[in-house]
Amino acid sequence: MITYRRVCLKSATKPSVALSVFGTLSLRLFCSTAAVVFLGSESGNAQSAAPGATVLDTIVVSALRGDLQELLDGLAGGVAVVSAAEYPVSGHMTVSRALAAVPGVVVQDFFGGNDQPRIQIRGSGLQQNPVERGVLVLQDGLPINRADGSYIVGFANPRQADAIEVFRGYTANRLGATVLGGALNFISATGWADPGAELVARGGSFGQAGLSGQVGYGVDRYDGLLRFDVSRRDGFRDYNESSRVSLGANVGLQVSDRVTARIFAGYADLGFDVAGPLPKSVMEADPRQVFTGPRVSMGSVQFPGPNVVRDRPRRDASQFLVGSRTTVELDEHTFDVALGYTYTKDIFRFPISSGIRQTEGGDFTGVLRYAFKPDETATLPLFEATAQYVVGSASRDYFLNQQGEQGARFGQNALDAATLSVHAGFNLPLGAQVTVSPAISFSHSVRDNDDVYGEATRPTIAYNPANPSVALPNGAVPTENTSYSRSYSGWAPSLGFTFRPTDTQTLFAAVSRSFEPPTHDDLLATVNGTPNSSPGRPNPGNPGTAAPAFRTPDLDAQSATTVEAGWRGRTGTGHLSWDVVAYYSWVNNELLSLRDVTGASLGAVNADDTRHFGVELGMGATFTDWLRGRIAYTFQDFRFHDDPVRGSNRLAGAPRHLLQAALQVQASENWSLGASIRWVPGRTPVDNMNTLFADPYAVVDLRSEYRISDTVSVFGEVTNLFDATYASSTLIVDQARPDQAAFLPGDGRAFYAGLKATF
């Protein structure tokens, strides 16, 4: 059977304090950088995304060494798994904190809450926000992405996951991915693996409060688990409120010795104020404030950017997911069938330049995975295959943002999308030490848009730039049809090699192709708005100027050829572990989502030729019985190549160096202390012309936990200990101005505490 063995995910006994603050840090790198591989198994407990895979019974950490050998024999590429036990104990858990130990995954927080951090892996999806693409995000092996590839990252809640699988680059192709970056799979806990109940209450600075819990039960051939998480936050900034409710349940059944099935359902509802960007000088003076728009004096415009106070941008989104996974084992053959449905409702109140966008629709997913493993002692199956088909439709309405209220409708579209992806590959042993893995993927995607807006003109509104609370006369522009029908097909072959010179070391190399079609958000964009006027009105004072309100660029799919090599291993004693991967990608037609100096959308374009070079390095060490540490370093050099406008400039938004490190001290049997740092030592370009940069920064956090009893513990933390003022992220624009509002402040110093009880 193809499976992923959950090593380090949860101890069979109660976890020690050392495990619960930073995880067992001497083993943390092993877990967070270990390959997701395929082993013979018994019936599984949860839903890995690997073909035919389920998660095995929990393994006592002391038994790790023998089982880790199989994990390190894995795939020829960058893969990792992070367990919930390895998360830093936090009153404010975010995706960026949950994935801090994984090199190569860059998460840039936007507004500090459960909102929309920018996630990019190897540069894919770097310039897409607020609707993300470039990464396949799954829940129990089924995508939360829409059929066109877009997703809302706020639906991915690490508190609702027992573990997170990370597939970087082409290794995600085996899951049916049609993206350049990779995939994240959030694995739910199950009643068999997590019987009993757990409750965590937490709170702290900026009005942070939350409650999460779960109850699980497993007996004979049945199990079930119910999980919830509720949180709210006033936020660090003046207009920064956020909230999220997540519910999840799954039921497992071992039908027979050969057949297992799991049914699961989930619901997520999130809402958050979009506090918006600030000019650098304004952020440095007071990072808590929100922007009031450009200043106009004597015909001169300073500090271009959105008027957050007037427009009150906000997002409210919900998603319902239901699915099933059935695994059938027939000796050396394993079949895995997954079916899923998501219904998503998304209301995004953009600033006036884009208006209010309401999207509502459903997506169906069907997945068939197969593995052939005639040799039970082999780490990988001899042959594996995946076929995935996703189809969905949505209605999208556009309304004017009239001082934070819904104004007149100016657009209406019926969006349809379908994506078929097929993957097949071999893992051929060449002697005892070498495995060669040829594979090929094919995908075909359709993007259809029917413009159903029936009016002859599209209304526009505007405000006086010199006095932005004063409305100007309404206007209208001729309606231009935005309908389109696009299709994209592409092949993605790959060839990987693994070599094990010793029992504790693995070297690998691979060459691969990747293929990623555009989403509807790339193909349909509002344009010709300003910080004081709606789409279709580039001059606020002239309501009669005829200008299109939408742009529908004829985009090509982006593709890449990547070579990569890596070395992972550990010392015989297990006191030191390492995992390093280097890659170089030749990217064609990279999709760029461009904005002007005010932050207004310019629509998406294809860059002719770009290059992505990176190094992903993780290391863990046990220094003494009471001192452990880990480090994750990511190097990124993403550049245009002989671009007629941008030359060989760096692509905006990608920090060149990112270092995240943690130390843990076991002060006593029941008390532990930890410290971590997130350090961006170099400047990050805000624009593709490389004229404006975000400054380097370092943020230090301290954490501690005290175990009162075997079932009750308390924890506390101080984040941003030195109260640094910094930009956690920025807008990404093509050509910036030094004074424009483009910087998104990170949270200031904060204090959190919580109580955890198990029953």
| Between atom CG of Leu523 and atom CZ of Phe550, what is the distance when rounded to the nearest 0.5 Å? | 14.0 Å

| query | Does the side chain of Ser534 come under 3.5 Å of the side chain of Thr460 through a donor N or O and an acceptor N or O? | reply | no

| query | Does a side chain donor of either Asn688 or Asp734 reach within less than 3.5 Å of an acceptor in the other side chain? | reply | yes

| said: Looking only at side-chain N and O atoms, does Arg118 offer a donor or acceptor that is under 3.5 Å from a partner on Ser729? | reply: yes

| request: Output the distance between atom CD1 (Ile347) and atom CD1 (Ile356), rounded to the nearest 0.5 Å. | output: 9.0 Å

| message | Taking the ring centre of each residue, are Phe320 and Tyr267 less than 6.0 Å apart? | response | no

| Do the side chain of Thr178 and the main chain of Glu516 share a donor and acceptor less than 3.5 angstrom apart? | no

| said: The test is side chain to side chain contact (heavy atoms under 4.5 Å, CB included); show your working for Tyr726 and Asp695 and say whether it passes. | reply: CA-CA 8 Å; Tyr726 68 101; Asp695 293 333; over 6 Å; no

| request: Report the distance from atom NZ of Lys345 to atom CD1 of Ile152, rounding to the nearest 0.5 Å. | output: 12.5 Å

| said: I'd like to know whether Tyr484 forms a side chain to side chain contact (heavy atoms under 4.5 Å, CB included) with Asp448, so could you lay out the CA-CA distance, the side-chain angles of the two residues, the decisive distance to 0.1 Å, and finally the verdict. | reply: CA-CA 6 Å; Tyr484 56 78; Asp448 289 334; over 6 Å; no

| message | Can you tell me which residue among Arg396, Arg146, Arg133 is in a salt bridge (Lys or Arg N to Asp or Glu O under 4.0 Å) with Asp521? | response | Arg396

| message | Are Phe410 and Tyr398, when compared by the centres of their aromatic rings, separated by less than 6.0 Å? | response | yes

| request: Hey, can you tell me if Phe291 and Phe303 have their rings parallel, tilted or perpendicular (30° and 60° cut-offs)? | output: perpendicular

| message | With side chain to side chain donor-acceptor pair (under 3.5 Å) as the criterion, how do Thr482 and Thr552 come out once you've worked through the C-alpha distance, each side chain's angles and the decisive distance to 0.1 Å? | response | CA-CA 6 Å; Thr482 63; Thr552 56; over 6 Å; no

| request: Please confirm whether the backbone N or O of Ser485 pairs with a side-chain atom of Asn449, one donor and one acceptor, at under 3.5 Å? | output: no

| query | Would you call the rings of Tyr341 and Phe364 parallel, tilted or perpendicular if under 30° counts as parallel and over 60° as perpendicular? | reply | tilted

| said: Could you walk me through whether Asp109 and Ser728 satisfy the side chain to side chain donor-acceptor pair (under 3.5 Å) test, starting with their C-alpha distance in whole Å, then the side-chain angles of each, then the deciding distance to 0.1 Å, before giving a yes or no? | reply: CA-CA 6 Å; Asp109 292 322; Ser728 59; 5.9 Å; no

| Positive for side chain to side chain donor-acceptor pair (under 3.5 Å) with Gln636, one of Gln120, Arg122, His612 | Gln120

| request: Begin with the C-alpha distance, continue with both residues' side-chain angles, and end with the deciding distance and a verdict on ring pair (Phe, Tyr, Trp, His ring centres under 6.0 Å) for Phe515 and Tyr488. | output: CA-CA 10 Å; Phe515 178 82; Tyr488 305 89; 7.5 Å; no

| Cationic tip of Arg310 above Tyr463 ring, under 6.0 Å, 45° of axis | yes

| Which pair of heavy atoms, one from Ser246 and one from Asn157, lies closest together, and at what distance? | OG-ND2, 3.3 Å

| query | At their closest point, which heavy atom of Asn401 faces which heavy atom of Ile352, and how far apart are they? | reply | O-CG1, 3.8 Å

| said: Quick check: closest heavy atoms across Gly123 and Phe638, and the distance to 0.1 Å? | reply: CA-CE1, 3.4 Å

| said: Between Gln139 and Gln160, does the side chain to side chain contact (heavy atoms under 4.5 Å, CB included) criterion hold? Intermediate values first, please. | reply: CA-CA 10 Å; Gln139 179 74 49; Gln160 292 286 92; 5.6 Å; no

| message | For the CZ atom on Arg683, are there more than 12 heavy atoms of other groups (residues, nucleotides or ligands in this structure) within a distance under 6.0 Å? | response | no

| query | Parallel under 30°, tilted from 30 to 60°, perpendicular over 60°: which one fits the rings of Phe348 and Phe272? | reply | perpendicular

| task | Assess the side chains of Arg678 and Tyr697: does a donor N or O sit below 3.5 Å from an acceptor N or O? | result | yes

| Salt bridge flag under 4.0 Å for residues Asp346 and Arg315 | yes

| field | Distance-only polar pair, side chains of Asp148 and Ser150, donor-acceptor under 3.5 Å | value | yes

| request: Would you check if there is a donor-acceptor pair between the side chains of Asp397 and Gln412 at a distance under 3.5 Å? | output: yes

| OG1 of Thr292 to CG of Leu278: how many Å apart, nearest 0.5 Å? | 9.5 Å

